[in-house]
Amino acid sequence: QVQLVESGGGVVQAGGSLRLSCSASRGTFSRNAVAWFRQAPGKERELVASISWSGGATSYSKFAKGRTFISRDLVGNNMVNLQMNSLKPEDTAVYYCGVNGKNYSDMYDAPQAYDTWGQGTQVTVSS
């Protein structure tokens, strides 16, 4: 089973940017849809963005559109990146990447559709 590692989180001022990365420490997700979710204290895990196995299709939550970009490396290092710009204090959360276990599957909005998760990376946006 694939194991995921998220990186790139940190503390940033409002209006700043961060680039998160999701990589496989074991196995591969090159044939799988991948999504980034976030979870703030006391709140449910919510979708930020998702990307198809081919990289040809992406989907964004309303709050992420226009300032967030998901991409994946299709050759070699098996990584999915999340570029976040114009960050706001309400973006503060733990960010997780999730992989849908079925090869060549569609993207989904619900966290239940994703079988494997990383440990998360904290993003803190100060005002």
Side-chain angles (χ1 to χ4, degrees):
Q1 185 176 358
V2 65
Q3 289 186 340
L4 305 177
V5 178
E6 298 100 335
S7 61
V11 180
V12 63
Q13 288 189 333
S17 299
L18 282 174
R19 182 179 176 87
L20 308 184
S21 294
C22 175
S23 61
S25 61
R26 187 176 73 182
T28 179
F29 51 74
S30 60
R31 294 183 295 273
N32 304 91
V34 178
W36 280 95
F37 285 78
R38 70 183 188 184
Q39 189 164 18
K43 295 188 176 181
E44 294 186 348
R45 191 167 295 191
E46 62 177 350
L47 177 73
V48 179
S50 58
I51 189 165
S52 65
W53 69 271
S54 68
T58 57
S59 178
Y60 297 90
S61 289
K62 186 176 181 180
F63 63 81
K65 283 183 179 178
R67 60 189 185 99
T68 303
F69 301 93
I70 190 170
S71 62
R72 69 187 303 163
D73 293 328
L74 298 176
V75 179
N77 60 3
N78 201 23
M79 185 175 291
V80 171
N81 301 304
L82 187 72
Q83 177 69 40
M84 302 189 296
N85 303 320
S86 302
L87 284 163
K88 306 173 183 179
E90 51 263 43
D91 293 319
T92 295
V94 179
Y95 284 69
Y96 299 90
C97 66
V99 169
N100 181 283
K102 183 178 179 182
N103 288 343
Y104 313 118
S105 71
D106 292 330
M107 304 175 298
Y108 299 95
D109 292 347
Q112 293 82 357
Y114 296 86
D115 311 282
T116 303
W117 297 90
Q119 81 288 351
T121 185
Q122 176 70 46
V123 171
T124 302
V125 184
S126 62
S127 58

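No hydrogens, no waters, no symmetry mates; every other heavy atom, side chains included, goes into these values.
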Which value, rounded to the nearest 0.5 Å, describes the distance between [X] atom [atom1] and [Y] atom [atom2]?
| X | Y | atom1 | atom2 | value |
| --- | --- | --- | --- | --- |
| S54 | Y104 | OG | OH | 11.0 Å |
| S23 | L4 | OG | CG | 8.0 Å |
| T58 | F69 | OG1 | CZ | 9.5 Å |
| C22 | I51 | SG | CD1 | 11.5 Å |
| T124 | L87 | OG1 | CG | 11.0 Å |
| T28 | N78 | OG1 | CG | 3.5 Å |

For [X] and [Y], work out which heavy atoms get closest and say how close.
| X | Y | result |
| --- | --- | --- |
| L47 | A49 | CD1-O, 3.6 Å |
| N100 | A113 | ND2-O, 2.7 Å |
| S86 | S17 | N-OG, 4.3 Å |

Does Y96 share a hydrophobic cluster with V99, counting links as ILVMFWY side-chain heavy atoms below 4.5 Å and allowing steps through other members?
no
Check for me, please, whether V34 and V94 land in the same ILVMFWY cluster - side-chain distances under 4.5 Å, paths through other members count.
no
Partner of L18 under side chain to side chain contact (heavy atoms under 4.5 Å, CB included), picked from V123, L82, T121, is V123
Is there a donor-acceptor contact under 3.5 Å from the side chain of R72 to the main chain of A33? no
* To do: Would you check if the side chain of S21 reaches a backbone N or O of S7 as a donor-acceptor pair within less than 3.5 Å?
  => no
Margin query: Between F37 and Y114, is the ring centroid distance below 6.0 Å?
Written below: yes
Please examine the side chains of [Y] and [X], heavy atoms only from C-beta on, and report whether any two atoms are closer than 4.5 Å.
| X | Y | value |
| --- | --- | --- |
| W117 | R45 | yes |
| N103 | N32 | yes |
| R19 | N81 | yes |
| T116 | F29 | no |
| F63 | E90 | no |
| V80 | W36 | yes |

Crowded around Q119 CD? As in, over 12 foreign heavy atoms under 6.0 Å? yes
Sorted by chain and number, sequence neighbours left out, salt bridge (Lys or Arg N to Asp or Glu O under 4.0 Å) with R67 holds for D91
Only one of Q122, E6, Q39, R38 passes side chain to side chain donor-acceptor pair (under 3.5 Å) with Y95, and that residue is R38
Between Q83 and N85, a side-chain donor and acceptor under 3.5 Å: yes
What verdict does the side-chain contact (heavy atoms from CB on, under 4.5 Å) test give for I70 and Y60, after you've listed the backbone C-alpha separation in whole Å, the side-chain angles of each residue and the deciding distance to 0.1 Å?
CA-CA 9 Å; I70 190 170; Y60 297 90; 3.5 Å; yes
